[in-house]
J.: 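Got a structure for you, questions after.
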Amino acid sequence: MKRILMMVLRNLLMVPYAWIRLCYRAAHVDKYTEEDMYAFLKWIDLHANRGGNVHIDVHGAGNLPEKNGFMFFPNHQGLYDVLAIIEASPRPFSVVAKKEIANIPFLKQVFACMKAYMIDREDVRQAMQIIVNVTKEVKKGRNYLIFAEGTRSKNGNRVGTFKGGSFKSATKAKCPIVPVALVDSFKPFDTNTIKEVTVQVHFLDPIYYEEYKDMKTTEIAAIVQERIQNVIDANV
């Protein structure tokens with residue numbers, strides 16, 4: 001990808017140092033606090049974005065719940081999505097992602113540093129165990145991100161169908177659900193261009209347990225999907 005190459009070339013002096021540190025941290029995640037690791041990832045992310053002509057336009061950061069132990073549910077536009085939210089979010093979080101991207105260089109190390117779960121959608125037992133694990137961790141105060149579409153929409157700023165099953169960890173943990181609307185997040189890595197691009201990250205009002213406790217997960221999914229699409233439509 002042209003933009004990734006540009007990110008590297010414009011940060012050529014720091015890349016070897018940053019890469020060595022990233023790989024070391026990915027292999028020794030228990031040596032660092034989550035806050036320290038997240039600050040390190042934000043540092044790398046910021047340099048990469050500046051080098052790659054990517055500007056992050058953040059909206060609604062003040063909407064995040066006061067206490068940790070919440071879950072982000074963004075729309076899924078491309079490989080760049082998590083990197084956009086890392087720069088935008090002032091609070092650390094981890095990720096549940098599909099195993100197919102587990103071996104992509106750089107993303108592999110980033111996800112290792114985040115102690116992310118890589119889900120095999122063909123293995124029902126493994127998927128159920130991840131739901132259990134994420135539920136336990138959210139209850140203890142960790143924040144998580146799940147792409148409820150399950151895969152990239154590949155339709156630009158049109159949101160795909162949000163799947164109810166993606167919300168099981170949230171409903172079991174009884175945690176706040178934070179919809180996140182990404183605008184133009186497909187452009188940095190999923191288009192063959194190096195032109196300057198602005199990616200919008202909108203943190204919407206959280207949906208608290210008292211609001212969704214009597215809903216089915218499919219109903220929650222539909223509400224989150226609609227709210228995200230409405231924000232995207234208002235900002236493209």
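Values reported hereafter were calculated over all heavy atoms of this structure, with side chains retained and with hydrogens, waters and symmetry mates removed. We're numbering straight along the sequence, starting at 1. All values derive from a computational prediction rather than experimental measurement.
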J.: Please check if the number of heavy atoms outside E226 that lie under 6.0 Å from its CD is greater than 12.
T.: no
J.: Checking N53 against R10: is there a side-chain donor and acceptor pair closer than 3.5 Å?
T.: yes
J.: May I ask you to establish whether R25 and F40 are in a cation-pi arrangement, using a distance under 6.0 Å from NZ or CZ to the six-membered ring centre and at most 45° from the ring axis?
T.: yes
J.: Determine whether more than 12 heavy atoms belonging to other residues, nucleotides or ligands lie under 6.0 Å from atom CZ of R50.
T.: no
J.: Step by step, would you call D123 with K99 a salt bridge (charged side-chain N to carboxylate O under 4.0 Å, His left out)?
T.: CA-CA 11 Å; D123 188 337; K99 70 169 188 176; over 6 Å; no
J.: Before accepting this row, confirm whether a basic side-chain N of the pair R158/D233 lies closer than 4.0 Å to the acidic partner's carboxylate O.
T.: yes
J.: With hydrophobic residues grouped by side-chain heavy-atom distances under 4.5 Å, do F70 and Y212 end up in a single group?
T.: no
J.: If you take all heavy atoms of T161 and Q225, which pair is closest and at what distance?
T.: CA-OE1, 3.5 Å
J.: Decide if atom NZ of K168 counts as having more than 12 heavy atoms of other residues, nucleotides or ligands within a radius under 6.0 Å.
T.: no
J.: Can you name the nearest heavy-atom pair linking I85 to L145, along with the distance?
T.: CD1-CD1, 3.5 Å
J.: Do we see a donor-acceptor contact under 3.5 Å between the side chains of K98 and T151?
T.: yes
J.: Could you list the donor-acceptor pairs under 3.5 angstrom formed by side chains in residues 71-84, with sequence neighbours left out?
T.:
unit_1, atom_1, unit_2, atom_2, d
N75, OD1, L182, N, 2.7
N75, ND2, L182, O, 3.0
H76, ND1, D81, OD2, 2.7
Q77, OE1, D184, N, 3.3
Q77, OE1, S185, N, 2.7
Q77, OE1, F186, N, 3.2
Q77, NE2, G156, O, 3.2
Q77, NE2, N157, OD1, 2.8
Q77, NE2, L182, O, 3.1
Y80, OH, N49, OD1, 2.6
Y80, OH, N49, ND2, 3.3
D81, OD1, G78, N, 3.2
D81, OD1, S185, OG, 2.6
D81, OD2, Q77, N, 2.6
D81, OD2, G78, N, 3.0

J.: Any idea which heavy atoms bring F93 and Y144 closest together, and the distance?
T.: CB-N, 4.5 Å
J.: Is a salt bridge present between K115 and D30, judged by a nitrogen-to-oxygen distance below 4.0 Å?
T.: yes
